[in-house]
Amino acid sequence: MEIGLKILVPLIEISVVLGIVLFHVAYITYFERKILSHMQDRLGPMEVGPHGLLQPIADGLKLFFKEDIIPAGADKIIFSIAPIIVLVPALIGFAVIPFAKESITIFGLTFKPFITDINIGILYIFAFASIGAYGVILGGWASNSKYALLGGLRAGAQMVSYELALGLSIIGVLLLSQSLSMVQIVEAQNRIWFVLLQPVAFVIYVICAVAETNRLPFDMPEAESELVAGFFTEYSGMRFSFFFLAEYANMILVSCIAAILFLGGWHAPFKFLEFIPPTIWFILKVYFILFFFIWIRGTLPRVRYDQLMKFGWKVMIPLSLANIIVTSIVLYIVRG
């Protein structure tokens with residue numbers, strides 16, 4: 001019986017986390033369309049359900065039953081595997097995201113607020129997140145289309161440019177927390193959030209996260225005015241939806257990481273607000289960052305590709321290195 005419970009609880013935890021993530025992935029598309037429509041003085045989805053609330057379900061059903069077309073000249077095996085390579089790493093990263101501090105007991109079963117807490121949690125996320133770029137590159141190459149190939153090559157170059165700065169931006173946080181565990185990083189912010197101690201690193205992280213998720217103004221791998229739809233031009237049906245889901249899952253993942261590394265995770269901003277459950281604080285911070293992503297999309301124009309590469313190599317990486325040097329010197333002086 002005890003062995004059965006030990007197996008059952010982790011399975012339930014994984015299923016619940018996966019269900020919550022997929023639900024948010026589906027409805028963040030709805031909220032994005034609604035927010036952008038209000039910014040542009042229009043209504044957005046309104047027909048399916050009250051105020052269009054069932055639109056994500058209708059879109060999912062449509063894509064599920066849509067004909068799946070594989071181009072005659074495509075590499076069929078790699079063409080089919082690429083969307084999976086993109087989606088799975090985006091979902092695996094949520095295994096080490098701590099949503100709250102306290103465990104929850106339901107019907108005698110104790111559930112942790114995270115699937116697992118490993119002592120190299122942040123490295124685990126970055127390792128799997130890097131794999132997703134291979135799916136984009138392979139999908140663009142296997143499509144046997146010049147537009148898809150250019151989109152895949154752009155994605156690869158963009159990943160090299162901004163993932164380096166993204167990784168360097170969090171080193172200051174790791175120096176302050178003295179840990180790679182996501183839970184311990186949050187606990188280290190019990191008194192003061194790291195965004196106040198690492199404002200430059202926070203700005204660098206957010207900019208690089210926007211570039212890593214191929215969002216405006218850095219959506220060059222799928223620039224419709226130049227590449228039709230970029231690396232997924234030849235995809236349809238559920239394979240297309242996998243790319244779509246992966247983009248929004250990555251948005252949520254980088255927002256969760258930002259909330260954990262810089263915004264105190266589940267900690268309330270002030271002591272007198274601690275009566276609000278920690279999970280609510282965590283979700284509010286994630287929603288705030290997601291809204292910022294959408295806000296940028298509705299505000300800024302797409303940059304030129306040479307500007308994007310120049311900004312990554314000549315601005316973001318030197319700034320990240322300078323932040324590490326300054327943080328190290330200050331910590332050496334303060335801590336000896």
Side-chain angles (χ1 to χ4, degrees), residues 18-69 83 86-87 90-91 94 147 151 206-207 209-256 258-259 263 276 279-304:
L18 188 60
I20 292 172
V21 171
L22 291 176
F23 175 82
H24 280 79
V25 166
Y27 270 90
I28 195 65
T29 61
Y30 169 80
F31 288 119
E32 179 175 31
R33 294 167 70 180
K34 276 293 186 182
I35 292 169
L36 290 175
S37 64
H38 285 294
M39 287 181 175
Q40 298 163 357
D41 197 21
R42 53 190 177 85
L43 295 177
M46 289 291 291
E47 297 298 326
V48 187
H51 292 279
L53 281 171
L54 301 180
Q55 188 66 51
I57 299 175
D59 291 340
L61 290 173
K62 179 190 72 173
L63 288 169
F64 184 80
F65 291 105
K66 199 173 182 67
E67 182 181 3
D68 185 23
I69 300 171
V86 174
L87 179 61
L91 299 178
F94 289 96
Y147 297 114
V206 171
I207 294 173
V210 173
E212 276 290 295
T213 52
N214 298 330
R215 300 281 301 176
L216 270 168
F218 303 129
D219 65 335
M220 304 307 296
E222 52 190 78
E224 72 279 356
S225 60
E226 305 167 20
L227 305 177
V228 185
F231 56 88
F232 54 79
T233 298
E234 305 297 335
Y235 282 88
S236 60
M238 286 304 294
R239 290 194 179 97
F240 166 78
S241 69
F242 280 5
F243 283 111
F244 203 62
L245 292 172
E247 177 181 334
Y248 286 91
N250 278 318
M251 277 179 58
I252 298 173
L253 182 61
V254 297
S255 299
C256 290
L263 302 180
I276 299 175
T279 308
I280 300 299
W281 280 119
F282 182 79
I283 293 173
L284 287 175
K285 293 169 185 178
V286 173
Y287 283 177
F288 170 77
I289 300 169
L290 288 171
F291 172 76
F292 182 73
F293 277 17
I294 299 170
W295 188 8
I296 290 176
R297 179 176 179 178
T299 305
L300 299 179
R302 182 182 296 121
V303 299
R304 284 203 326 261

Would you give the length of the straight line joining atom [atom1] of [X] to atom [atom2] of [Y], rounded to the nearest 0.5 angstrom?
X      : Y      : atom1 : atom2 : value
Met238 : Phe244 : CE    : CZ    : 12.5 Å
Ile294 : Tyr287 : CD1   : OH    : 11.0 Å
Asn250 : Leu245 : CG    : CG    : 11.0 Å
Ile252 : Ile28  : CD1   : CD1   : 6.0 Å
Cys256 : His24  : SG    : NE2   : 9.0 Å
Ile35  : Leu290 : CD1   : CG    : 9.0 Å

Worksheet item: Do the non-hydrogen side-chain atoms of Trp295 and Met39 ever get within less than 4.5 Å of each other?
Response: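 Yes - at least one pair of side-chain heavy atoms lies under 4.5 Å apart.
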Worksheet item: With a 4.5 Å limit on heavy-atom distance, are the side chains of Phe293 and Ile289 in contact?
Response: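 Touching, per the 4.5 Å side-chain cut-off.
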Discussion item. For Tyr27 and Tyr30, take the angle between the two ring planes, folded into 0 to 90°, and tell me which bin it lands in: parallel under 30, tilted 30 to 60, perpendicular over 60.
Written reply: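 Perpendicular: the ring planes of Tyr27 and Tyr30 meet at over 60°.
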Practice prompt. Apply ring pair (Phe, Tyr, Trp, His ring centres under 6.0 Å) to Phe243 and list each qualifying residue two or more places apart in sequence or on a separate chain.
Written response: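 Phe231, Tyr235.
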Just distance, no hydrogens or angles: give the donor-acceptor pairs under 3.5 Å from side chains in residues 45-66, sequence neighbours left out.
from: Gln55; atom 1: NE2; to: Asp59; atom 2: OD1; distance (Å): 3.0
from: Asp59; atom 1: OD2; to: Arg33; atom 2: NH1; distance (Å): 3.2

Considering non-hydrogen atoms only, spot the tightest contact between [X] and [Y] and give its length.
X      : Y      : answer
Val303 : Phe218 : CG2-CD2, 4.0 Å
Ala90  : Ala246 : CB-O, 4.1 Å
Asp219 : Arg302 : OD1-NE, 2.7 Å
Val25  : Tyr248 : CG1-CB, 4.0 Å
Met251 : Val254 : O-CG2, 3.2 Å
Pro217 : Leu300 : CG-CD1, 4.1 Å

Discussion item. Please check: side-chain N/O of Lys34 versus main-chain N/O of Leu43, any donor-acceptor pairing under 3.5 Å?
Written reply: yes
